[in-house]
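First the structure, in the form of structure tokens, and then the observations on it.
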Amino acid sequence: MKRTLLVAIAVCLVGCGDQSTSKKVQLRYMAWGNPEQMALEEEFCQEFNRQNPDIEVKFFRVPGSAYLNKAIVMFASRTSPDVVRIDHFNFASLAKKDYFLNMNPLAEADADFHKDDFYPQAIREGMVGSQLQGMNVMFGATIVYYNKNLLKKNGLQDPYKLWEEGKWTWEKYREYAIATTVRDESGRPKVFGTQIAGWPLYVGTIWGFGGDIFDKQGNPTFNDPKTVAGYQFLADLRWKDKVCPTPAQGANSAFTFESGKLAMIVDWMGNTPRFRKVIKDFEWDTVPIPSGIGGAVPPVKGNQLIIYRESKHPKEAWRFVRFMTGPWVEERLYCQRKRNFPTRRAQANSDAYLKSTEPPFNTASMVKAVEIGRELPITDRWGEVSTIHTMEIDNLWSGRERNAKVVLDEIQRKVIKMLGEEEGF
């Protein structure tokens, strides 16, 4: 009798102890990032679990270098987490394989979800045809970071004032880059005025010159005269004006913005937390990219949170996605830490975002940059286009060829050929 009772108690202890956990819906969430970002996302998952006692989100991270391959394998093997963060560079190609859930029914059934709460570009990036398949996070535009001390030292007006007056142009940017480039008596550079940003950061320059890399029908336009003019402007900054470090001069990060050896750079808003942490020796701030005949049109881009198409818990996954793109997370991630830019208009225009006690202080310029920004023309063939572009444009940036049209004619030819072939050839 005693033995039977002990067994019964033991069974109860083993079985009964898990009842509260077993009733919870178990979700898995996968993302990548630096240690600080991963710590924040872990914190957000824990807060979601606290607010939603019927759900338990388990967060696991994958190194950025292995992330895409890991995601592809998990999608293809039908072992994907319920919610996955996808870089927008890869969103279209993965969406084409039908890995992502159409969120329209979930959004339409959610009385608290309103697309108008978000910047339209943030919503459009997650659309596949008429289907909402991704909700944007880590969103933002390109912006100009500038060293206020170097500009003041050379008697230059603050670019933010020029922008307010409508006088911040690419030609003025060039003048500032020339004025702030410094060499020693032997001609060796000590400070450069700017640098050539990486692909596709400088697409905003191409748009500013009235050019484009694809037209509205999806045809490549790399060798359009206005596109060529934008590329030539950038090449001339390096080879004619000599205000950009060459690849050899820039090796081993010899000239970086945070070192004080670059007066201005064009980069993503997401660099703000790092610059806040490491820059101690000079004042800096931000301004929208300059304007040209095509206006001032910075690229905007984010990542997407997707729900795996075969998730067994799509409604609960939607609740988690909504939390991660909701006001609570956006205020902490973007308003307080400036890790990127809010996707929600209310958060971007709130005092929490606009009023800052540390640089950048020109936060209104960041809001404006997103408002006037434009999505990159990323399609399911973007990876192949980028490979061709990167291989060929290196001839221009390295100086092997200094005529932009020669290089862009070759890019145009190869991209047209690639688009006429099946994917992967």
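All values derive from a computational prediction rather than experimental measurement. One is the number of the first residue; the rest follow in order along the sequence.
Judged as a side-chain contact (heavy atoms from CB on, under 4.5 Å), and not counting sequence neighbours, the contacts of Ile393 are Tyr202, Tyr231, His389, Leu396, Trp397, Val407, Leu408, Ile411. Every residue meeting the side chain to side chain donor-acceptor pair (under 3.5 Å) condition with Lys96, not counting sequence neighbours, appears here in chain and number order: Asp380. With sequence neighbours excluded, no residue satisfies salt bridge (charged side-chain N to carboxylate O under 4.0 Å, His left out) with Asp116. Applying the ring-ring contact (aromatic ring centres under 6.0 Å, His included) rule to Phe192 yields the partners Phe255; only residues at least two apart in sequence or on another chain are considered. With sequence neighbours left out, Arg28 forms a salt bridge (charged side-chain N to carboxylate O under 4.0 Å, His left out) with no residue at all. In terms of the side chain to side chain donor-acceptor pair (under 3.5 Å) criterion, residue partners of Ser311 (sequence neighbours excluded) are, by chain and number, Asp82. Among residues two or more places apart in sequence or in another chain, the side chain to side chain donor-acceptor pair (under 3.5 Å) test is passed with Arg332 by none. Not counting sequence neighbours, the partners of Asp110 by the salt bridge (charged side-chain N to carboxylate O under 4.0 Å, His left out) test are Arg322. Residues satisfying the ring-ring contact (aromatic ring centres under 6.0 Å, His included) test with Phe282, not counting sequence neighbours, are Phe257. Residues that satisfy the ring-ring contact (aromatic ring centres under 6.0 Å, His included) test with His313, not counting sequence neighbours, are absent from this structure. Scored by the ring-ring contact (aromatic ring centres under 6.0 Å, His included) test, Trp318 finds Phe113 as partners (sequence neighbours excluded). Qualifying salt bridge (charged side-chain N to carboxylate O under 4.0 Å, His left out) partners for Glu331, counting only residues two or more places apart in sequence or in other chains: none.
Checked for salt-bridge contact, Arg78 and Glu310 meet the test: a charged N lies under 4.0 Å from a carboxylate O. Electrostatic pairing of Arg339 and Glu36 counts as a salt bridge here, judged by a charged N lying under 4.0 Å from a carboxylate O. Using a cutoff of 4.0 Å between basic side-chain nitrogens and carboxylate oxygens, Glu175 and Lys172 are scored as salt-bridged. A salt bridge is absent between Glu125 and Lys301; no separation between the charged side-chain nitrogens and carboxylate oxygens falls under 4.0 Å. Under 4.0 Å is where a charged nitrogen must lie from a carboxylate oxygen, and between Asp54 and Lys23 no such pair does.
Of all non-hydrogen atoms in Ala263 and Gly193, the two that sit nearest each other are CB-O, 3.5 Å. The minimum heavy-atom distance linking Tyr119 with Arg345 is given by the pair CE1-CA, 3.9 Å. Considering all non-hydrogen atoms of both residues, Val144 and Pro288 come closest at CG2-O, 4.0 Å.
In this structure, OG1 on Thr142 lies 6.0 Å from CH2 on Trp268, to the nearest 0.5 angstrom. Note that CD of Glu258 is 12.0 Å distant from CG of Asp281, once rounded to the nearest 0.5 Å. One finds the NZ atom of Lys58 at 12.5 Å from the SG atom of Cys45 (value rounded to the nearest 0.5 Å). To the nearest 0.5 Å, atoms OG1 (Thr363) and CE (Met366) are separated by 8.0 Å.
Atom NZ of Lys148 has more than 12 neighbouring heavy atoms from other residues, nucleotides or ligands inside a 6.0 Å radius. Within 6.0 Å of the CE atom in Met391, the count of heavy atoms belonging to other residues, nucleotides or ligands does not exceed 12.
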Q: Test side-chain contact (heavy atoms from CB on, under 4.5 Å) on Leu201 and Asp267 and set out the steps.
A: CA-CA 7 Å; Leu201 285 161; Asp267 216 325; 3.8 Å; yes

Q.
Could you walk me through whether Tyr67 and Asp87 satisfy the side-chain contact (heavy atoms from CB on, under 4.5 Å) test, starting with their C-alpha distance in whole Å, then the side-chain angles of each, then the deciding distance to 0.1 Å, before giving a yes or no?
A. CA-CA 10 Å; Tyr67 191 85; Asp87 193 310; over 6 Å; no

Q) Do Met74 and Met30 pass the side-chain contact (heavy atoms from CB on, under 4.5 Å) test, and can you show the C-alpha distance, the side-chain angles, and the key distance before you say yes or no? A) CA-CA 11 Å; Met74 297 185 84; Met30 184 170 81; 4.0 Å; yes

Q | Worked verdict on Ser356 versus Arg276 for side chain to side chain donor-acceptor pair (under 3.5 Å) | A | CA-CA 12 Å; Ser356 181; Arg276 280 180 166 181; 3.2 Å; yes

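Using a 4.5 Å cut-off on side-chain heavy atoms (C-beta onward), Phe209 and Val228 make no contact.
Between Phe320 and Tyr29, a ring centre-to-centre spacing shorter than 6.0 Å is recorded. Checked against the 6.0 Å centroid criterion, the rings of Tyr160 and Tyr146 do not qualify as a close aromatic pair. For Trp170 and Trp207, the ring centers sit 6.0 Å or farther from each other. The aromatic ring centres of Tyr176 and Trp168 sit less than 6.0 Å apart. Between Tyr308 and Tyr99, the distance separating the two ring centers is not shorter than 6.0 angstrom. Between Phe48 and Phe323, the distance separating the two ring centers is shorter than 6.0 angstrom.
Within the 3.5 Å criterion, the main-chain N or O of Pro220 finds a donor-acceptor partner in the side chain of Gln412. Between the side chain of Arg309 and the backbone N or O of Asp98, at least one donor-acceptor pair lies under 3.5 Å. Checked by atom type and distance alone, the side chain of Arg174 never pairs as donor or acceptor with a backbone atom of Leu237 at under 3.5 Å. In this structure, the side chain of Gln195 does not engage the main chain of Pro245 through any donor-acceptor pair within 3.5 Å. Not one N or O on the side chain of Asn136 forms a donor-acceptor pair closer than 3.5 Å with the backbone of Phe139. Proximity of a side-chain donor or acceptor of Trp199 to a complementary backbone N or O of Thr390 within less than 3.5 Å is not detected. In this structure, the side chain of Asp285 does not engage the main chain of Pro360 through any donor-acceptor pair within 3.5 Å. Side-chain atoms of Arg344 come within 3.5 Å of backbone N or O of Thr325 as a donor-acceptor pair. Of the possible donor and acceptor atoms, none in the side chain of Asn52 sits under 3.5 Å from a partner among the backbone N and O of Ile55. Thr227 places a side-chain N or O within 3.5 Å of a backbone atom of Asp212 that can act as its donor or acceptor partner.
In this model, a donor atom of one side chain and an acceptor atom of the other lie less than 3.5 Å apart for Ser259 and Thr256. If you check the side chains of Gln121 and Glu375, you find no donor sitting under 3.5 Å from an acceptor. Judged purely by distance below 3.5 Å, without hydrogens or angles, the side chains of Gln304 and Arg85 never pair a donor atom with an acceptor atom.
By the 30° and 60° cut-offs, the orientation of the rings of Phe341 relative to Tyr353 is perpendicular.
In summary, of the residues considered (Ile265, Thr286, Val266), a side chain to side chain contact (heavy atoms under 4.5 Å, CB included) with Ile143 occurs for Thr286 alone. Of the listed residues (Ile307, Leu106, Val137, Ile306), just one forms a side chain to side chain contact (heavy atoms under 4.5 Å, CB included) with Val321, and that residue is Ile307.
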